[in-house]
Structure formats: C-alpha cells, structure tokens
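Working notes, beginning with the structure itself.
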Amino acid sequence: ILTHNRSTTGSGTDTEFDGPMQVVIETLGENARASEPFDLLPPLFAGVTEYGAGEEPSDFEIDAFHTVPGNLLDDGRLVVAAGFPPSSDYGQPKRWGLFAVDAERRTVEPLGEPRANEEELESPPVPLSATSDGQVFAGIFDRVGEDPAKLMVAQTDPARERFRVELGDIVDVHQLSFSADGTLLAVGANLGEGEYGVTMFDTNT
C-alpha cells in the first residue's frame with residue numbers, strides 16, 4: 001500500500017503545514033516493511049515552482065507549498081495536485097499542476113501542462129481524483145468562504161475542460177471517485193444539519 005502524511009498545526013481555516021508531504025510504500029503481512037519516506041519538495045514540481053541552479057527552497061516556502069494527494073493510477077503512481085496558493089508571495093508563479101508521483105522510484109512527472117492563474121481556479125483542488133489511466137481528473141475549488149463549491153472535470157493532457165458546475169449550499173466535499181470506465185463521478189458531501197449525500201455526474205455532460 002502507499003500512504004501519505006504531512007504534519008500540520010491548527011485546524012480548519014487556521015491549519016498550517018509543517019514541512020513537506022511524505023509518501024511511503026508499505027508491505028503488510030509476515031514480511032512487512034516500509035520504504036524510506038519520499039519528501040515531496042517544491043523543486044520536484046517543474047512548471048509550478050522556479051529555482052535557479054543550486055538554489056534551494058526555504059523552510060518557509062516548503063510549509064506554504066500545497067500538495068493535494070488524489071488516488072493511485074493503474075501503474076501504482078499517486079496523483080498529486082501541487083502549487084503555491086494565490087495569497088503567497090515567494091517570488092513564485094501563481095500556478096498549479098497535476099503530477100504522478102512514483103514513490104518507489106522517487107520520481108515526479110507532470111500530467112499535462114501547469115494550469116495558469118485563473119480567478120476561480122487559483123489553488124490546487126481539494127479533494128482531487130483522477131481516472132485510473134490518469135487521462136481525466138476532477139477537483140473541487142473555492143470551498144472556503146462565501147462562494148459555492150465548484151466541481152471541475154477536465155482532461156489532464158491536454159488540459160481541456162469538460163465541464164464546471166456549482167454544487168450549491170454544501171458544507172464540505174469529502175470524496176470524489178470515478179467509476180472503473182471513467183464515465184461516472186461520485187461526489188460525497190456534507191450537506192449540513194447532519195445530512196450527507198452522494199451525487200452522481202456523467203463525466204462527459
């Protein structure tokens with residue numbers, strides 16, 4: 001199995017990161033083992049961070065860098081959305097992108113081109129999911145604040161948007177999950193007042 005973790009302080013909108021996200025491969029059973037943690041540092045995510053030759057990110061930049069884990073692809077790589085939030089000011093481009101992380105080989109590869117700064121899509125989506133072949137992704141944007149949550153479904157390469165819809169007055173989206181053939185998307189959400197529900201979307205329409 002592949003696990004991911006990131007140390008945080010605070011909670012809710014006051015949550016702050018403490019260091020980079022780490023991914024680990026674990027084998028269960030009699031021969032249980034765990035690989036060395038793979039730190040997902042900003043320089044690994046080409047196109048959304050820019051560093052000169054020999055230049056290293058500061059701890060402050062690492063703590064501000066957003067890495068949002070998604071699901072595992074058929075080939076065992078983990079989908080991650082990564083980038084600096086629009087409110088940051090670290091001399092970095094305000095972009096985010098999708099990447100495939102191979103924790104065993106310790107590599108990070110882009111899934112399509114980085115997405116340029118756009119008013120409604122400035123930060124990496126939370127939560128995030130992709131089809132098992134890594135060709136289509138779904139993400140939730142603008143969950144904090146007064147704006148309704150926005151669901152976007154798009155191709156990963158090239159980044160061609162299929163559709164974007166507002167989900168209305170929901171409290172939180174907990175999970176996104178594609179069907180095996182990628183034609184349906186389940187959105188599990190907290191509707192408020194103790195109610196929860198799952199909405200199904202046709203990923204083409």
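Residue numbers start at 1 and run along the sequence shown. Values below: every heavy atom of this structure, side chains too, minus hydrogens, waters and symmetry copies.
Around CG of D59, the count of heavy atoms belonging to other residues, nucleotides or ligands within 6.0 Å does not exceed 12. Heavy atoms of other residues, nucleotides or ligands lying less than 6.0 angstrom from CD of Q155 number more than 12.
Under the 3.5 Å distance criterion, the side-chain polar atoms of D202 are matched with a main-chain donor or acceptor of N204. Judged by distance alone, with hydrogens and angles left aside, the side-chain atoms of E61 form a donor-acceptor pair with the main-chain N or O of S58 at under 3.5 Å. Side chain of D102 to backbone of T107: no donor-acceptor contact under 3.5 angstrom is found. Proximity of a side-chain donor or acceptor of T156 to a complementary backbone N or O of G134 within less than 3.5 Å is detected. Side chain of S132 to backbone of L73: no donor-acceptor contact under 3.5 angstrom is found. Remark: side-chain polar atoms of R6 are not paired, donor with acceptor, to backbone N or O of F17 under 3.5 angstrom. Using a distance-only test at 3.5 Å, with no hydrogens or angles considered, no donor-acceptor pair links the side chain of N190 to the main chain of I170.
Residues P69 and V80 come closest through the heavy atom pair CA-CG2, 4.4 Å. When all heavy atoms are compared, the tightest approach of P125 to A81 is CD-CB, 3.9 Å. Here the shortest heavy-atom pairing between A138 and F178 reads CB-CZ, 3.7 Å. The heavy-atom pair separating I140 from A149 by the smallest distance is CG2-CB, 4.0 Å. The two residues V68 and P124 make their nearest non-hydrogen contact at CG2-CB, 3.9 Å.
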Start with the C-alpha gap between F141 and W96, add the side-chain angles, then the distance that decides, and say whether ring pair (Phe, Tyr, Trp, His ring centres under 6.0 Å) holds.
-> CA-CA 12 Å; F141 298 85; W96 64 271; 5.8 Å; yes
Could you walk me through whether L185 and M200 pass the side chain to side chain contact (heavy atoms under 4.5 Å, CB included) test, one step at a time?
-> CA-CA 6 Å; L185 175 70; M200 300 297 294; over 6 Å; no
Step-by-step side chain to side chain contact (heavy atoms under 4.5 Å, CB included) determination, V108 to F38 = CA-CA 11 Å; V108 177; F38 180 26; 4.2 Å; yes
With side chain to side chain contact (heavy atoms under 4.5 Å, CB included) as the test, would you mind laying out the steps for R95 and F84 before giving the verdict?
-> CA-CA 7 Å; R95 303 189 189 105; F84 283 100; over 6 Å; no
Step-by-step side chain to side chain contact (heavy atoms under 4.5 Å, CB included) determination, F137 to L128 | CA-CA 7 Å; F137 79 95; L128 163 74; 4.1 Å; yes
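A single hydrophobic cluster is not seen to contain both I62 and L40; linkage of ILVMFWY side chains at heavy-atom distances under 4.5 Å, directly or through other members, places them apart. Using a 4.5 Å cut-off between side-chain heavy atoms of Ile, Leu, Val, Met, Phe, Trp and Tyr, with links allowed through other members, V101 and L2 fall into the same hydrophobic cluster. The same ILVMFWY cluster, assembled from side-chain heavy atoms under 4.5 Å apart, contains both F45 and L78. Under a hydrophobic clustering in which Ile, Leu, Val, Met, Phe, Trp and Tyr are joined whenever their side-chain heavy atoms come within less than 4.5 Å, directly or via other members, V165 and L191 fall into the same cluster. By the rule that hydrophobic residues join a cluster once side-chain heavy atoms approach within less than 4.5 Å of another member, F163 and V187 end up as members of one cluster.
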Side-chain donor-acceptor pairs of residues 20-37 under 3.5 Å, sequence neighbours excluded:
| residue | atom | partner | partner atom | Å |
| --- | --- | --- | --- | --- |
| Q22 | NE2 | D39 | OD1 | 2.9 |
| E26 | OE2 | T3 | OG1 | 3.3 |
| S35 | OG | I25 | N | 3.0 |

